[in-house]
Amino acid sequence: MPPSAPTAAHDVRLPCAKVLGAARGRAKAFRPESVVNISGMSFGSLSGNAITALNKGAALAGCLQNTGEGGLSPYHRNGGELVFQLGTAYFGCRDEHGRFSLDRLKDLVAGAPVRALEIKLSQGAKPSLGGLLPGAATWASGRSWPP
């Protein structure tokens, strides 16, 4: 088949070199099928249709989809395997008092195609207090933001 054909190299797989969980002898250690995966994006910034499309695409491509901090929704359950991101808000993993619940996390993971967990320690994309942007920030150049 010529290299410019629409399906050229679709049968080529590039698995991850690392077996996740092997270093600690995890019972469900696995080698991800692909080194290319779908990174975490906030559920609040994507529509249900977008998440569904990404998850179906992950299933077709044989890659993992990261849920992002917004939790695991029904839109993430369309055949693609997942990396569940547990962020600072504990979406889907809180008890009735709003505290982190390991039991809820275990139940959530057991009922979904979650292959790995990602612990998000802080909000790196925004300065200051996580989701709150300061009224004016100073760039390294000394200019203030917004310009």
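All values below were derived from every heavy atom in this structure, side-chain atoms included, with hydrogens, water molecules and symmetry-related copies excluded. Because the structure is a prediction, the values reported are computed rather than measured.
- Remark: Ala50 pairs with Leu46, Ser47 by the side chain to side chain contact (heavy atoms under 4.5 Å, CB included) rule, at least two apart or across chains.
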Step by step, work out the side-chain contact (heavy atoms from CB on, under 4.5 Å) result for Arg115 and Leu64. CA-CA 8 Å; Arg115 297 299 309 269; Leu64 299 168; 4.1 Å; yes
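- Closest heavy-atom contact between Val83 and Leu117: CG1-C, 4.3 Å.
- In this structure, Glu118 CD and Ser39 OG are separated by 9.0 Å, a value rounded to the nearest 0.5 Å.
- Residues satisfying the side chain to side chain donor-acceptor pair (under 3.5 Å) criterion with Asn78, sequence neighbours excluded, are absent altogether.
- The distance from the CD1 atom of Ile119 to the CG atom of Leu86 is 4.5 Å, given to the nearest 0.5 Å.
- In plain terms, the two heavy atoms of Gly80 and Ala59 that are nearest each other are N-CB, 3.6 Å.
- Sorted by first and then second residue, the side-chain hydrogen bond (donor to acceptor under 3.5 Å, both in side chains) pairs involving residues 51-64 (not counting sequence neighbours) are Asn55-Gln65.
- Interatomic distance, CG of Asn49 versus OH of Tyr75, reported as 7.5 Å (0.5 Å rounding).
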Donor-acceptor list for residues 101-110 side chains, cut-off 3.5 Å, not counting sequence neighbours:
| unit_1 | atom_1 | unit_2 | atom_2 | d |
| --- | --- | --- | --- | --- |
| Ser101 | OG | Arg104 | N | 3.1 |
| Arg104 | NE | Arg94 | O | 3.2 |
| Arg104 | NH1 | Arg94 | O | 2.6 |

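- Residues that satisfy the side chain to side chain contact (heavy atoms under 4.5 Å, CB included) test with Ala112, not counting sequence neighbours, are Leu72, Arg77, Val114.
- The closest side-chain donor-acceptor pair between Glu69 and Gln85, if any, does not fall under 3.5 angstrom.
- By the ring pair (Phe, Tyr, Trp, His ring centres under 6.0 Å) test, Phe100 is found to be paired with Tyr90, residues two or more places apart in sequence or in another chain being considered.
- Hydrophobic cluster of Val36: the remaining members, joined at side-chain heavy-atom separations below 4.5 Å, are Leu14, Val35, listed by chain and number.
- The two residues Ser34 and Gly62 have their closest heavy-atom pair at CB-O, 3.8 Å.
- Put simply, OG on Ser73 and CD1 on Ile51 are 4.5 Å apart, with the number rounded to the nearest 0.5 Å.
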Would you tabulate the side-chain donor-acceptor contacts of residues 15-33 under 3.5 Å, counting partners in other chains and residues two or more places apart, or write 'none'?
| unit_1 | atom_1 | unit_2 | atom_2 | d |
| --- | --- | --- | --- | --- |
| Arg31 | NH1 | Cys16 | O | 3.2 |
| Arg31 | NH1 | Ala17 | O | 2.7 |

